[in-house]
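First the structure, in the form of structure tokens, and then the observations on it.
Just so you know, residue 1 is the first one in the sequence shown, and it goes up from there. The shown structure was predicted, so the numbers you read here are calculated from the model rather than taken from an experiment.
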Amino acid sequence: AWYRQVADTWGSRWLEAEAQAEFSRLGYYSTTPPGVGTRGVRLIALNTELFNHGNDFVVVGETVTEAFAHLEWLNATLADVKAEGQRAYILGHVPIGMETAYGNDRRVPSVLRPYWMDLFARRYQDILDSFGEATIAVQLFGHEHVDTFRLLGKKTMENELLREAVSRAAGPKKQLLRSTSWPEGGR
């Protein structure tokens with residue numbers, strides 16, 4: 001019901017009918033931006049709350065079926081993007097990788113933990129690896145309230161755990177935040 005309320009609020013002003021119906025039913029959608037037509041861009045909006053370790057429903061396993069259906073939809077959607085010669089712009093709220101937003105703020109006690117449950121992160125990474133840069137132009141996520149840069153792909157998956165790099169970033173107070181993790185070998 002919540003997805004439908006948001007889809008109805010956005011209405012056809014923001015989403016074409018097919019994307020609106022998809023979002024209303026599933027909480028995620030794919031669309032070609034207005035005015036872009038067949039010039040090769042496909043926006044793919046994910047519902048990352050289905051994967052989020054911070055979501056109690058995810059932790060107790062209540063989203064497993066829905067989350068894997070979402071990932072299979074993503075795989076099929078990227079296959080369509082590739083077949084149509086488009087490039088995907090993947091959008092989401094909670095990013096894959098480790099929670100790092102407060103890693104430099106000593107006032108906030110936190111434990112470094114993954115944002116996504118491992119079973120979903122690994123499947124997502126497998127999907128990304130199977131399509132690569134020729135199909136996926138960029139992934140954009142929010143949630144952290146600071147700029148971060150993450151390396152994802154086969155080369156960063158050589159170890160058992162997902163490795164990431166968080167760039168130096170200017171925070172909202174224009175302070176320089178130190179990097180919280182870099183792959184071995186430096187920057």
Between [atom1] on residue [X] and [atom2] on residue [Y], distance to nearest 0.5 Å:
| X | Y | atom1 | atom2 | value |
| --- | --- | --- | --- | --- |
| I44 | L91 | CD1 | CG | 8.5 Å |
| S130 | I136 | OG | CD1 | 7.5 Å |
| L71 | I127 | CG | CD1 | 5.0 Å |
| Y115 | N52 | OH | CG | 8.5 Å |
| T77 | E72 | OG1 | CD | 10.5 Å |
| N75 | L128 | CG | CG | 10.0 Å |

Residues forming a side-chain contact (heavy atoms from CB on, under 4.5 Å) with D80, sequence neighbours excluded: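 In terms of side-chain contact (heavy atoms from CB on, under 4.5 Å), with neighbours along the sequence ignored, D80 is linked to R42, E84.
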With sequence neighbours excluded, tell me which residues meet side-chain contact (heavy atoms from CB on, under 4.5 Å) with A45.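 Partners of A45 by the side-chain contact (heavy atoms from CB on, under 4.5 Å) criterion, ordered by chain and then number, come out as Y29.
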Are F57 and L26 linked, directly or through intermediate hydrophobic residues, by side-chain heavy-atom contacts shorter than 4.5 Å (ILVMFWY only)?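 Unlinked, L26 and F57 end up in two clusters.
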Are M117 and V60 linked, directly or through other ILVMFWY residues, by side chains that come within less than 4.5 angstrom of each other?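 No; tracing contacts between hydrophobic side chains, which count when under 4.5 Å, never links both residues.
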Is it the case that more than 12 heavy atoms not belonging to [X] sit under 6.0 Å from its [atom1] atom?
| X | atom1 | answer |
| --- | --- | --- |
| E18 | CD | no |
| F131 | CZ | yes |
| F68 | CZ | yes |

Kindly give the heavy-atom pair with the smallest separation between [X] and [Y], and that separation in Å.
| X | Y | value |
| --- | --- | --- |
| S30 | A19 | O-CB, 3.7 Å |
| L50 | A67 | O-CB, 3.6 Å |
| P33 | V41 | CD-O, 3.6 Å |
| P95 | G142 | CD-O, 3.6 Å |

Students often mix this up, so state it plainly: with edges at 30° and 60°, are the rings of Y28 and W73 parallel, tilted or perpendicular?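 Tilted.
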F51, F120, W116 screened by side chain to side chain contact (heavy atoms under 4.5 Å, CB included) with V58, the one that passes: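 Going through the options one by one, the only one that passes is F120.
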Considering only residues two or more places apart or on different chains, which pairs with a residue in residues 54-71 satisfy side chain to side chain donor-acceptor pair (under 3.5 Å)?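 Listed by first then second residue: E49-N55.
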Polar side-chain atom of R87 near backbone of E133 as donor-acceptor pair, under 3.5 Å: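 Side chain of R87 to backbone of E133: a pair is present.
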